[in-house]
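Single-structure report; data block below.
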Amino acid sequence: MKLRLPAPILLLLPAIIVLVAVIVLPLLLSFYSSFTPFRLTRPETLWTFIGLRNYINVLSNWDFWVAFGRTILLLTIALNAEMFLGLGLAMLVNKATHGQRLLRTLMMFPMMFSPVLVGFQFKFMFNDNIGLVNNALQSLGLTDQAIPWLINGNLALFSIIVAEVWSSTSVFAILILAGLLAMPQEPVEAARVDGCTPWQTFRYVTWPFIMPFAFIAMTIRSLDVARAYDIVKIMTDGGPAGRTELLWTLVGRTAYSDARMGVANAMAYVSIVLSILFTVYFFRKLAAARQQIGAEW
Amino acid sequence: MATVSLKKLVKRYGTVEVVHGIDLDVRDREFVALVGPSGCGKSTTLRMIAGLEDISDGALEIGGKVVNDLPPRARNISMVFQSYALYPHMTVRENMGFSLKIAKRPQKEIDERVEAAADILELKPLLERRPSQLSGGQRQRVAMGRAIVRQPEVFLFDEPLSNLDAKLRTQMRTEIKKLHSKVQSTIIYVTHDQVEAMTLSDRIVIMRDGHIEQVGMPDEVFRFPATRFVAGFIGSPPMNLDEAVVDDGKLVFASGDSLPLPAQFHERVTVGQKVVFGLRPDDIYPTGHGLSSADTTDIHQLDLPVSITEPLGNETLVFVGFNKRDWVSRMLNPKPLAAGEKIAMSLDLSQAHLFSAETGRTLRG
């Protein structure tokens with residue numbers, strides 16, 4: 001007997017097979033392994049079921065919570081800095097009467113570099129002996145010390161934030177600029193006639209309009225930063241002494257250096273909750289902001 | 001006192017001059033309409049008055065004070081935009097009270113003034129809605145409400161009715177007229193629609209290519225257009241205009257058709273002069289079907305072929321062939337006419353206009 005599948009399913013089958021093979025199965029496997037003491041060095045451990053023990057370990061692991069907190073700190077500082085710088089950049093480019101297209105292209109340059117390269121670049125720039133930053137500071141006479149950018153714990157996190165902000169401010173700038181370009185000019189003019197100073201015009205008219213665009217950028221970037229790995233891995237590898245350890249560098253270290261795949265997967269699933277929470281939060285904000293300006297998209 | 005004076009006002013964009021030194025005095029509480037085809041500089045002029053465009057040269061005075069370098073907020077004006085320009089994230093109430101909130105007026109006063117304006121414009125039931133929940137006409141009323149709440153010295157309207165459908169436009173036109181009688185402020189109103197300009201304003205300013213062609217009361221610009229352009233622009237359907245050469249006591253058109261030289265121009269033209277002859281559709285009509293209430297008439301009878309007719313109910317526009325062109329005439333108490341039929345036409349030459357073919361200016365003097 002010939003098996004006859006309905007046409008829609010038949011047509012979708014190639015896509016379904018690929019998706020199941022590369023996404024659903026690994027996802028299920030990793031989820032399952034988070035309930036086992038699976039170590040890469042002892043494959044047979046994959047078959048030992050230990051229930052929630054990994055999760056209990058992770059949730060009671062101080063290092064995990066420190067990395068968790070640090071990730072949120074990084075996220076907060078980086079997103080705010082990117083938001084303000086991106087907004088400023090977008091407003092400036094929007095004011096440009098000539099060469100706006102060129103400026104827009106230039107603005108996107110940092111996004112074109114691989115994060116790994118950005119990491120190397122900033123690792124070099126922040127090097128305490130031969131780095132550009134110290135060289136510049138010393139040449140300008142601002143300091144005669146070799147500032148240990150990547151060696152001091154706080155400075156190292158700061159340096160990572162600088163690298164993150166440099167590479168991704170343009171996400172905000174581009175999206176906010178899109179908002180500014182799409183914005184009708186009449187309400188701004190009406191506000192000027194209504195008695196607004198330039199600041200009030202921005203505060204009461206322009207900002208509410210571009211807020212949804214800022215929230216879209218926030219959503220994208222919060223997911224990005226919450227899974228920050230490459231720049232940190234290259235610049236400090238979580239060091240010095242774990243002072244720049246973030247969620248995903250910790251997950252990576254646990255999984256591959258310590259070979260404790262089961263625990264690492266449990267950590268990963270807890271971390272994903274963080275990302276989901278941020279996404280939900282920003283999407284709610286986005287929906288509210290959109291409704292407020294009566295957006296039709 | 002809110003007079004507005006434009007003194008040799010010039011607007012240049014780079015090297016391109018779009019408004020060429022115009023002079024205009026708007027009296028206190030006067031309703032002045034700036035009218036002209038698109039690109040004539042009327043909106044630019046209005047935006048210079050509002051302070052949204054820099055003034056390249058000349059002086060702008062509001063209430064006797066030069067305001068060239070003052071920002072819009074310091075000019076005590078309100079503006080109603082073509083696209084309404086409401087703040088989409090604010091309710092109608094907030095939109096209308098926004099300028100007062102910015103001016104840090106007490107909440108009680110804001111509420112009172114918003115309510116008062118809402119009363120005038122019948123916006124009371126809509127106060128808590130957002131602009132996206134309003135129809136075009138309602139949005140336009142909110143935009144006007146926002147303007148009157150400020151109690152400015154001068155209102156500026158930039159084609160406020162252009163985005164509305166024909167029926168609503170007529171309705172809002174009446175509202176604006178009522179509004180002017182209530183608020184008693186100076187109003188400068190930009191439109192490309194000559195009907196709006198005629199019906200609303202105390203005086204009309206007709207602009208073309210950055211120049212003022214004529215300033216006058218609606219009746220004046222209609223009856224005594226100063227230039228050929230004004231003659232063709234004001235009035236609907238437009239005046240019939242055609243070039244002719246003055247001969248001994250008559251006007252000879254290119255095709256050889258001729259008309260007697262209207263008596264009022266006998267002394268003002270010379271034989272061989274090139275002129276533009278103009279006659280309104282009201283002054284050329286199938287004999288027995290026209291207006292004959294003018295005090296002085298100088299009827300010239302002519303048989304002309306009908307090309308097409310446009311029945312409008314109480315009247316019919318009849319296009320008749322003269323000088324190889326279609327001249328439009330207004331037929332009152334219409335009767336059916338067939339295309340090609342030759343009918344007797346009456347031309348009231350006492351109402352005719354002559355313009356210099358060279359300068360376009362009227363030869364009436």
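The shown structure was predicted, so the numbers you read here are calculated from the model rather than taken from an experiment.
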[X] atom [atom1]: more than 12 heavy-atom contacts under 6.0 Å:
X	atom1	answer
Glu122(B)	CD	no
Tyr269(A)	OH	yes
Lys104(B)	NZ	no
Lys124(B)	NZ	yes
Asp54(B)	CG	no
Arg12(B)	CZ	yes

Taking the side chain as every heavy atom from C-beta outward, state whether Arg73(B) and Thr197(A) have any atom pair closer than 4.5 Å. yes
Taking C-beta and beyond as the side chain, do Asp194(A) and Met79(B) meet within less than 4.5 Å on heavy atoms? no
Proximity breakdown for [X] and chain A, heavy-atom pairs closer than 4.5 Å:
X	result
Leu86(B)	backbone
Ser78(B)	backbone
Arg75(B)	neither

Just verifying a value: how many Å separate Phe98(B) CZ and Tyr204(A) OH, rounded to the nearest 0.5 Å? 7.0 Å
With a 4.5 angstrom heavy-atom cut-off, could you sort out which part of Glu189(A) is near chain B: side chain, backbone, both or neither? both
So, the part of Pro208(A) with a heavy atom under 4.5 Å from chain B: the answer is side chain
Heavy-atom closest contact ([X] atom, [Y] atom, distance):
X	Y	answer
Val205(A)	His89(B)	CA-CE1, 4.1 Å
Ala85(B)	Ala190(A)	O-CB, 3.8 Å
Ile77(B)	Val193(A)	O-CG1, 3.6 Å

Do the side chain of Tyr87(B) and the main chain of Ala191(A) share a donor and acceptor less than 3.5 angstrom apart? yes
